[in-house]
Amino acid sequence: MAAAAAGFRVVRNLAWGVALYVDDLVTREAHRGAGHATALLAALDDAARAEGCRELHLDSGVQPERQAAHRRYFGHGMRVSSFHFQKDV
């Protein structure tokens, strides 16, 4: 069984142009802290460049248990660039 995995797609839109969007980035709890997420983020950077993307994007929840993930993203040079709004209809 994999220790960590990422799901992503190349998107094209008016705001970003061509970008790599990370749908999922997860490390199994028993394997956290071993550098898997860091390695996946580096591989995602490489995939983005190979696809001609100028940017890499992902959304992350703001629950307290997401703080370690957010530290990893900031440590990888990512920044908070917008708020994501939603509404149940």
Side-chain angles (χ1 to χ4, degrees):
M1 198 173 288
F8 63 93
R9 57 196 153 112
V10 175
V11 298
R12 180 184 305 268
N13 64 37
L14 293 174
W16 304 336
V18 180
L20 188 135
Y21 184 82
V22 180
D23 290 297
D24 291 294
L25 177 61
V26 62
T27 302
R28 294 172 57 91
E29 190 170 349
H31 299 279
R32 292 183 183 151
H36 299 296
T38 299
L40 281 172
L41 286 166
L44 290 163
D45 287 346
D46 292 342
R49 283 189 287 274
E51 293 289 337
C53 302
R54 293 179 45 212
E55 299 178 348
L56 183 144
H57 290 257
L58 65 79
D59 289 322
S60 182
V62 294
Q63 302 87 337
E65 62 270 15
R66 301 294 304 147
Q67 291 179 354
H70 298 162
R71 282 192 300 274
R72 172 70 54 226
Y73 304 149
F74 288 129
H76 190 69
M78 300 184 86
R79 61 185 172 81
V80 176
S81 60
S82 66
F83 289 104
H84 177 94
F85 294 91
Q86 76 177 55
K87 175 184 169 185
D88 293 339
V89 293

Taking CZ in R66 as the centre, count heavy atoms belonging to other residues, nucleotides or ligands within less than 6.0 Å. Is the count above 12?
yes
Between L25 and F8, does a side-chain contact (heavy atoms from CB on, under 4.5 Å) hold up when you go through it step by step?
CA-CA 9 Å; L25 177 61; F8 63 93; over 6 Å; no
Heavy-atom pair of closest approach, residues [X] and [Y]:
{"X": "A19", "Y": "C53", "answer": "C-SG, 3.5 Å"}
{"X": "R49", "Y": "D46", "answer": "NH2-OD1, 2.7 Å"}
{"X": "H36", "Y": "A3", "answer": "NE2-CB, 3.7 Å"}
{"X": "L40", "Y": "A6", "answer": "CD1-N, 4.2 Å"}
{"X": "A4", "Y": "T27", "answer": "CB-OG1, 3.6 Å"}

Return the set of residues passing salt bridge (Lys or Arg N to Asp or Glu O under 4.0 Å) with R71 (not counting sequence neighbours), or none when no residue passes.
none
Let me confirm one number: the [atom1]-[atom2] distance from [X] to [Y], rounded to the nearest 0.5 Å.
{"X": "S60", "Y": "M78", "atom1": "OG", "atom2": "CE", "result": "9.5 Å"}
{"X": "H31", "Y": "M1", "atom1": "NE2", "atom2": "CE", "result": "9.0 Å"}
{"X": "L56", "Y": "H76", "atom1": "CG", "atom2": "NE2", "result": "6.5 Å"}

In terms of the angle between their ring planes, are W16 and H57 parallel, tilted or perpendicular, with boundaries placed at 30° and 60°?
parallel
If you define the side chain from C-beta out and look only at heavy atoms, does anything of V80 sit under 4.5 Å from Y73?
no
Of L44, D45, V11, the one forming a side chain to side chain contact (heavy atoms under 4.5 Å, CB included) with L20 is L44
Between E51 and V18, is the side-chain contact (heavy atoms from CB on, under 4.5 Å) condition met? List the steps.
CA-CA 9 Å; E51 293 289 337; V18 180; over 6 Å; no
May I ask you to decide if G61's main-chain N or O and H70's side chain share a donor-acceptor pair within less than 3.5 Å?
yes
